[in-house]
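Reading through the structure tokens given below for one structure.
Heavy atoms only: backbone and side chains are in, while hydrogens, waters and symmetry mates are out. Letters go in sequence order (proteins before strands), and every chain restarts at 1.
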Amino acid sequence: MDFDDTPEEASFRAHVRSVLQEHASELLHVAPGEPVDARSREAELRDTQRVLAEAGLVGVPWPREYGGQGGTLVQQAIVGQELGRARVPTLINHIGIGMCGPTVIAHGSDDQRSRYLARLLRADDVWCQLFSEPGSGSDLAALRTSAVRDGEDWVVNGQKVWTTLAHVADYGILLTRTDPERPKHAGLTMFVVDMHAPGVTVRPLRQMSGGADFNEVFFDDVRIPDSERLGEPGEGWRVALTTLMNERVAIGGAGSDIGPSPESLTAHARDRLPALAPEQQVLARQAVGRALVASLAARYTGYRRFTTLSQGGLPGPEASAGKLGGTAAARLVADAGVRLLGDEAVLGATADGDDSWQRAQAYVPGIAIAGGTDQVLRNILGERVLGLPPEPRTDKSAPFSSGGRR
Amino acid sequence: MDFDDTPEEASFRAHVRSVLQEHASELLHVAPGEPVDARSREAELRDTQRVLAEAGLVGVPWPREYGGQGGTLVQQAIVGQELGRARVPTLINHIGIGMCGPTVIAHGSDDQRSRYLARLLRADDVWCQLFSEPGSGSDLAALRTSAVRDGEDWVVNGQKVWTTLAHVADYGILLTRTDPERPKHAGLTMFVVDMHAPGVTVRPLRQMSGGADFNEVFFDDVRIPDSERLGEPGEGWRVALTTLMNERVAIGGAGSDIGPSPESLTAHARDRLPALAPEQQVLARQAVGRALVASLAARYTGYRRFTTLSQGGLPGPEASAGKLGGTAAARLVADAGVRLLGDEAVLGATADGDDSWQRAQAYVPGIAIAGGTDQVLRNILGERVLGLPPEPRTDKSAPFSSGGRR
Amino acid sequence: MNFDLSDDQRDAAAGAREFFTGSVPLSAARAALEGDGVPAPGRKALADIGFLGITVPESAGGAGGSVLDLAVVAEQAGAVLAGPSLVTAARAAVLLEGAPDLAAQLADGSAAIAVLDGPVTGSAPSLDAADATLFLGLDGGALVVGEGEVTPGRPMDATRGLASVRMTSRRVLTEDAGELWARARQVGAVVMAAEDLGAADRAVLMGVDYAQQRQAFGRVIGSYQAVKHMLVDAWVGVDQLRSLVWWAAWAADDSPAELPLAAAAAKAYGAEVAERATETVVQVHGGIGFTWEHDAHLYWRRAKVDRLLLGDAAEHLDAVARLAVAGALG
Amino acid sequence: MNFDLSDDQRDAAAGAREFFTGSVPLSAARAALEGDGVPAPGRKALADIGFLGITVPESAGGAGGSVLDLAVVAEQAGAVLAGPSLVTAARAAVLLEGAPDLAAQLADGSAAIAVLDGPVTGSAPSLDAADATLFLGLDGGALVVGEGEVTPGRPMDATRGLASVRMTSRRVLTEDAGELWARARQVGAVVMAAEDLGAADRAVLMGVDYAQQRQAFGRVIGSYQAVKHMLVDAWVGVDQLRSLVWWAAWAADDSPAELPLAAAAAKAYGAEVAERATETVVQVHGGIGFTWEHDAHLYWRRAKVDRLLLGDAAEHLDAVARLAVAGALG
């Protein structure tokens with residue numbers, strides 16, 4: 001047991017560091033915790049990814065034939081760690097790299113692969129994932145956005161929501177219902193959609209924390225050529241599972257923290273604890289200690305998953321436990337951070353304008369929902385890890401149009 | 001709003017006090033919190049109830065024709081409060097008075113009523129309630145104890161469990177399955193069973209706290225005359241609902257505490273807090289404060305229910321909230337009480353042999369189960385108070401013998 | 001025992017509900033948060049309907065009502081996140097017992113009064129101070145009144161009108177006002193618990209409504225135990241909080257010796273119940289629940305702020321334990 | 001990074017599981033509680049298989065293994081509520097670093113050693129003291145060894161062998177032993193967290209097994225979210241606890257500067273995870289779960305006792321916060 005790189009990992013890490021140093025002047029750098037707005041910094045973010053792609057640091061585990069390095073998930077994680085260390089923000093096309101690209105690789109035509117993948121890695125095109133709808137969140141297969149065949153095209157109408165990056169994206173993978181007479185999972189079809197096509201409208205969606213990290217996307221008679229279909233008609237659910245499995249790989253993480261890090265809480269406590277009355281300090285240390293322990297428990301559990309990856313394993317449903325634990329820790333960390341503000345904890349920002357802890361507090365409720373609610377994750381763990389039976393369901397076999405679900 | 005008796009209540013309370021004083025020498029008295037073993041003190045307990053019954057303080061809300069006083073539930077509660085105040089233990093026949101008697105009144109024949117009810121109030125006969133089985137707890141209607149018609153008798157085989165007082169009882173109301181070919185709720189029949197009949201075996205059941213407040217009861221070819229049937233064959237579930245509704249009345253309570261009282265925790269804290277280090281005192285006060293608040297919240301909520309009763313209302317499903325809240329409070333109170341013991345909290349009793357807090361701690365898990373698990377109570381509240389739909393069920397309509405539930 | 005509202009109080013609650021529902025759109029709370037508008041219905045409307053003077057004596061132009069009368073109205077105010085808070089009115093009414101002229105101005109709304117927490121030379125963020133022009137504060141043991149310089153911070157819940165104040169003029173109203181100040185704060189805590197009760201109750205109802213309609217996997221989500229039990233736990237908390245609020249308000253009126261413990265219990269419990277209920281309503285709504293456009297976060301913000309105003313739960317739990325051990329629980 | 005057990009450690013765990021499963025019936029814990037028997041497998045069996053000497057140097061007759069090696073075995077001991085505790089062996093091995101003769105007696109079982117918490121003139125209830133004959137204690141900053149008068153109390157968990165001890169003879173082993181004592185206690189905390197991990201893990205498995213079989217309302221109860229999610233939350237706790245135990249044990253071996261924080265984190269988390277898991281297993285079993293005859297309460301008792309031994313969660317959370325602020329977290 002050790003926390004060191006293997007010789008191969010160390011050498012790869014050294015390589016990454018030297019690349020980041022060499023190209024430092026061409027890369028965007030940000031302060032720790034600084035929010036990066038994709039719209040206002042779109043050009044810098046695209047440039048940054050292009051530079052990194054040309055240096056071979058983007059899509060490392062992708063096959064070489066599609067522009068990757070044929071590398072490992074661990075190498076990918078090392079790149080992520082080193083980007084963080086160098087204060088280079090997350091790649092603008094992280095959804096494309098983590099989810100859309102692998103789906104195109106698995107289910108796209110040769111033509112699609114050659115047109116899209118290299119450009120995706122260079123952020124010549126930014127991608128988004130168009131799955132969730134207002135009426136289908138946890139129950140994704142209940143989606144209603146329709147695609148109707150018309151000659152060589154499909155005509156799409158409907159609405160998607162919670163679409164990260166849609167406001168800067170050039171393409172998206174779009175899950176639609178093409179046969180409402182079949183059972184809900186069987187009537188779906190996946191497409192690549194041009195986000196600049198007529199009839200596509202993107203509207204930013206503001207969260208309770210005030211930021212707008214997501215979008216609503218409206219489709220109004222949008223025409224998609226049949227050649228942009230991913231997989232066969234009616235096979236959309238199977239294609240989507242590829243995407244979702246890759247999402248799990250993407251969040252399987254190397255002990256990266258959900259929410260503010262234990263180090264940031266520690267620094268904050270060092271700053272704020274002395275201002276509290278002695279009895280308040282006793283109680284504040286309990287809250288800080290509890291949050292740190294939860295956070296460290298989540299972090300070291302992430303290290304165990306990372307070790308599994310580095311031994312060649314794939315992240316299983318246990319990744320859901322990582323998100324549950326991380327969310328619980330984030331809640332405790334954010335709460336302890338706000339409380340340490342003392343009198344200023346009731347305001348939206350401190351006197352010097354710092355709102356990081358209040359923002360964290362208002363972001364946590366979303367963490368418990370986005371990417372799988374706590375309740376859905378518990379179902380997954382109960383059923384796939386503990387082997388407990390699922391709830392009885394009646395919605396799987398009835399034709400979708402019969403309103404089996406309404 | 002006030003917490004005083006109405007003039008009528010005050011006058012009834014004065015009457016009760018004078019009766020208790022007048023007969024003090026004939027009544028059993030115990031120290032607060034002292035456990036009372038029904039077996040070893042059976043004679044005293046029966047005598048106490050007889051004296052109280054002759055003084056008109058037992059079964060107050062029962063109709064006069066069955067030996068009651070035609071009084072109110074509030075008067076009954078006042079008797080309970082005054083018994084507690086005078087340190088007279090709970091009536092030995094409290095199950096009979098609260099649940100079995102009302103069931104006999106509602107569903108028994110005139111002959112049964114005249115043979116049983118007066119003797120029940122005087123504790124000439126002690127009664128118990130034989131419903132739960134090892135295989136049917138929350139799902140009571142899944143019970144398997146069978147009663148088969150044989151001439152003028154029914155022959156009973158099976159096992160009951162969690163039977164309070166079975167070891168001293170003379171009679172019980174017994175829910176059986178008489179027609180396994182009908183759906184689970186439709187094949188049940190209720191009887192009065194003579195606990196001294198051949199084939200009835202009672203075995204004490206020890207709980208994790210070490211006490212034995214319950215029993216297992218085995219029925220081995222026990223013959224019950226058809227004249228001891230309560231209600232029609234197949235109507236047992238409806239009869240049982242009468243019993244269960246009366247159970248709710250019995251636990252609807254007048255703000256009586258589940259578990260140790262806030263006053264007992266306060267006295268304990270007064271005694272033990274000064275021995276703790278200053279920082280520990282800060283944390284201990286948090287735990288004590290939290291437990292007291294929960295306990296007072298449950299108590300004053302009980303007072304609101306009691307007011308509803310005194311205005312002539314019946315306790316509804318909200319009574320389940322009282323048990324949930326009371327259980328949560330009991331958990332906090334017991335835990336704070338144990339922690340206040342300091343070094344001695346890891347032992348089963350203090351150096352002077354006092355095990356009251358450790359016993360309370362080990363009793364709490366049972367409170368969250370007996371008389372409706374927390375989970376079942378939440379279902380009841382969600383469905384009957386909040387109006388949320390029940391879980392889908394498949395077990396209600398199939399013949400019981402089809403194994404719909406296994 | 002009669003631990004229930006009177007018919008008059010029920011009527012008052014119904015009237016208050018009607019008033020607040022009609023005069024306080026939730027969009028006002030969101031607009032105020034965006035810096036575009038002030039809390040509704042505002043001081044004037046509250047004065048006009050008489051809510052600012054419920055506990056002001058009739059001789060000073062108030063209704064001469066009880067704290068329980070006020071708490072019943074405050075619950076309805078909390079349900080729609082009304083501002084300014086009736087906590088301020090309740091607290092000021094106690095502090096101005098010896099100043100009928102000022103009490104009259106409180107009741108008729110001619111003075112925009114706020115009560116300052118912390119030092120008057122630079123207060124902690126204090127309720128309804130943002131738009132107030134006259135301030136009450138505790139200065140070296142004396143109750144003082146005067147004007148001040150107001151510094152509002154960036155709001156977390158704009159309906160609370162929080163601001164720090166440096167008093168620029170000071171007139172002593174009552175020397176040796178420590179006990180008066182403490183009682184006023186206890187009464188304020190009771191009324192805040194009542195507002196939290198209203199907010200938490202409404203949040204649970206919002207969650208229940210949504211859970212009865214929203215479908216997932218072929219069933220309404222309220223039929224799932226994960227959702228149902230979460231809502232039930234929140235509801236049980238609300239139900240129990242109502243009991244503590246009533247008890248504490250009754251104690252303020254009829255049993256002063258019980259007030260300190262009862263007020264602390266209600267405030268501590270109210271903070272936790274409101275926090276749980278409002279977190280629950282966000283979670284039950286899923287994605288839509290954490291959007292800016294949805295009302296859920298307005299309730300959530302109220303709970304996150306209120307839990308820390310007038311003393312956090314830790315302070316009040318400590319008080320409960322200390323008071324009980326000192327004999328307040330008998 | 002390789003945050004995983006080695007093949008040798010996996011083999012050791014499998015061997016330990018086999019040993020403990022074969023030699024420790026749960027009925028032993030119940031019998032001991034009823035005053036009828038002693039904890040199994042007992043000191044001699046643990047010495048014979050070499051578990052008491054895992055961290056004793058080879059030169060003193062031990063295996064010269066790591067704390068992680070010991071933690072892996074301790075998890076298996078915890079799973080069956082074995083006694084005496086490997087915590088005692090771990091702690092004594094550290095304290096006896098400078099006393100190879102005594103370390104050898106620890107390892108081969110010829111001395112029945114316990115480590116005393118609190119004053120040696122009247123200790124707190126201390127682990128495995130009930131049947132010990134030789135005691136280690138901290139006396140005015142010095143590590144002392146000697147005999148003592150043992151006063152066992154009524155047990156809550158008889159497998160812990162708790163007793164208060166008044167030392168009747170004392171020989172100084174190490175002057176100025178404060179740091180040594182602290183390190184030994186930290187190592188003990190890690191090993192106790194490992195035992196709690198095993199107990200909690202087993203409790204969750206018991207609950208899962210039952211939930212897969214028991215029926216209610218026509219379905220196995222594990223299909224209900226109320227039951228399923230309760231078990232999942234307990235399992236997630238166990239899974240995360242395993243990470244902290246491994247980290248803390250690794251720190252004890254390879255990163256002494258991290259040990260104090262890691263040990264405190266593991267002990268605090270272990271206490272809460274074991275408490276939740278064992279309360280969950282009782283609740284999931286319903287009525288049968290709170291009978292004396294069922295094993296659930298034996299695990300519950302272990303958790304209720306362990307959470308307070310070697311410092312409660314509050315003490316360790318405080319330590320985590322203090323150490324982090326002082327720089328231990330970087």
Side-chain angles (χ1 to χ4, degrees), chain B residues 132 134-139 141-142 161-162 184 205-212 214 279-280 283-284 287 331 335 338-339 341-351 353 355 358 361-370 373-376 378-379 390-391 393-396 398 404-406, chain D residues 33-34 117-118 123-127 151-158 160 162-164 213-221 223-227 230 275 278-279 281-294 296-298 300-301 304-309 312-315 317-318:
Chain B
S132 294
S136 65
S138 296
D139 183 12
V161 75
W162 307 119
K184 65 200 283 193
L205 186 60
R206 202 166 166 199
Q207 311 98 272
M208 60 186 272
S209 56
F214 303 97
E279 294 207 351
Q280 287 180 316
L283 298 172
R331 198 181 289 278
D335 193 60
V338 167
R339 285 176 178 276
L341 295 172
D343 282 348
E344 292 185 296
V346 294
L347 299 174
T350 61
D355 66 352
Q358 285 93 338
Q361 174 178 248
Y363 200 78
V364 162
I367 299 178
I369 293 168
T373 65
D374 284 358
Q375 288 70 35
V376 163
R378 290 189 183 108
N379 280 348
E391 299 267 322
R393 282 180 69 171
T394 57
D395 64 315
K396 277 182 153 175
R405 58 173 285 278
R406 260 180 220 271
Chain D
L33 195 55
E34 287 166 343
D117 292 297
S123 79
S126 298
L127 203 56
T151 312
R154 194 194 302 177
M156 169 122 54
D157 168 11
R160 282 320 200 184
L162 297 177
S164 297
Q213 292 164 25
R214 172 77 176 187
Q215 303 248 350
F217 308 108
R219 290 159 51 186
V220 297
I221 62 172
S223 69
Y224 292 101
Q225 291 180 335
V227 173
M230 191 164 36
E275 204 174 354
T278 59
E279 285 176 351
V281 70
V282 172
Q283 185 72 17
V284 165
H285 278 77
I288 193 75
F290 77 99
T291 59
W292 184 265
E293 296 308 321
H294 197 277
H297 76 99
L298 301 173
W300 178 92
R301 288 172 181 278
K304 288 293 179 193
V305 168
D306 274 13
R307 67 184 184 146
L308 303 171
L309 293 177
D312 66 3
E315 175 187 323
L317 293 177
D318 193 83

Open item on the list: Does any part of the side chain of Pro134(B), heavy atoms only, come nearer than 4.5 Å to the side chain of Ile288(D), both counted from C-beta?
Closed with: no
Task: Part of Glu275(D) within contact of chain B (heavy atom distance under 4.5 Å) - done: side chain
TODO: Working to the nearest 0.5 Å, report the span between OG of Ser223(D) and CD of Glu391(B).
DONE: 8.0 Å
Task: Which portion of Val338(B) sits near chain D, non-hydrogen atoms under 4.5 angstrom - done: side chain
TODO: Taking all heavy atoms of Ala216(D) and all of Asp139(B), pick out the closest pair and write down the distance.
DONE: C-OD2, 3.7 Å
TODO: Check each atom of Gln280(B) against the heavy atoms of chain D and say whether the ones under 4.5 Å are side chain, backbone, both or neither.
DONE: neither
Open item on the list: Less than 4.5 Å to any heavy atom of chain B: does that hold for the side chain of Asp312(D), its backbone, both, or neither?
Closed with: side chain
Open item on the list: Report which part of Arg339(B) has an atom under 4.5 Å of a heavy atom belonging to chain D: side chain, backbone, both, or neither.
Closed with: side chain
Task: Best-contacting candidate, Gly287(D), Pro152(D), Pro155(D), against chain B by heavy atom pairs under 4.5 angstrom - done: Gly287(D)
Task: Any donor-acceptor pair under 3.5 Å from Arg219(D) side chain to Asp395(B) backbone - done: no
Open item on the list: Can you confirm whether Trp162(B) sits close enough to Thr291(D) that some side-chain heavy atom of one is under 4.5 Å from a side-chain heavy atom of the other?
Closed with: yes
- [ ] Starting at OG of Ser138(B), measure out to CZ of Arg214(D) and round the result to the nearest 0.5 Å.
- [x] 7.5 Å
- [ ] Could you tell me which portion of Ala351(B) (side chain, backbone, both or neither) has an atom closer than 4.5 angstrom to a non-hydrogen atom of chain D?
- [x] neither
Open item on the list: As an exercise: rank Arg307(D), His285(D), Glu279(D) by heavy-atom pairs under 4.5 Å with chain B and give me the winner.
Closed with: Arg307(D)
Open item on the list: My understanding is that only residues two or more places apart in sequence, or in another chain, count here; which of them pass ring-ring contact (aromatic ring centres under 6.0 Å, His included) with His297(D)?
Closed with: Trp292(D)
- [ ] Check Pro365(B) against Val282(D) and note the closest heavy-atom contact, atom names and distance.
- [x] CB-CG1, 3.9 Å
Open item on the list: Checking side-chain contact (heavy atoms from CB on, under 4.5 Å) between Arg154(D) and each of Thr350(B), Asp355(B), Leu347(B), which is the one that passes?
Closed with: Asp355(B)
- [ ] Select one option (side chain, backbone, both, neither) describing which atoms of Glu34(D) are under 4.5 Å from chain B's heavy atoms.
- [x] side chain
Task: Single hit among Leu127(D), Asp157(D), Val305(D) for side-chain contact (heavy atoms from CB on, under 4.5 Å) with Val346(B) - done: Val305(D)
- [ ] Nearest 0.5 Å please: distance from the CD atom of Gln358(B) over to the CE atom of Met156(D).
- [x] 5.0 Å
Open item on the list: Ring-plane angle category for Phe214(B) and Phe290(D), please: parallel below 30°, perpendicular beyond 60°, tilted otherwise.
Closed with: perpendicular
TODO: Check for a donor-acceptor pair, side chain of Gln283(D) on one end and backbone N or O of Ala368(B) on the other, with a separation under 3.5 Å.
DONE: yes
Open item on the list: Let's test your reading of the structure: which of Arg393(B), Glu279(B), Arg378(B), Glu344(B) forms the most heavy-atom pairs below 4.5 Å with chain D?
Closed with: Arg393(B)
Task: Reported CH2-to-CE distance for the pair Trp300(D) and Met208(B), which is rounded to 0.5 angstrom - done: 4.0 Å
Task: Contact leader toward chain D among Gly137(B), Ala362(B), Gly353(B), where contacts are heavy-atom pairs under 4.5 Å - done: Ala362(B)
Task: Which portion of Asp374(B) sits near chain D, non-hydrogen atoms under 4.5 angstrom - done: both
- [ ] Considering only heavy atoms and a distance below 4.5 Å, find which of Asp335(B), Leu205(B), Val161(B), Val364(B) pairs most often with chain D.
- [x] Asp335(B)
Open item on the list: Quick check against the 3.5 Å criterion: does Asp343(B) have a side-chain atom that pairs as donor or acceptor with the backbone of Ala124(D)?
Closed with: no
TODO: Please identify each residue that fulfils salt bridge (Lys or Arg N to Asp or Glu O under 4.0 Å) with Asp117(D), with sequence neighbours left out.
DONE: Arg91(D)
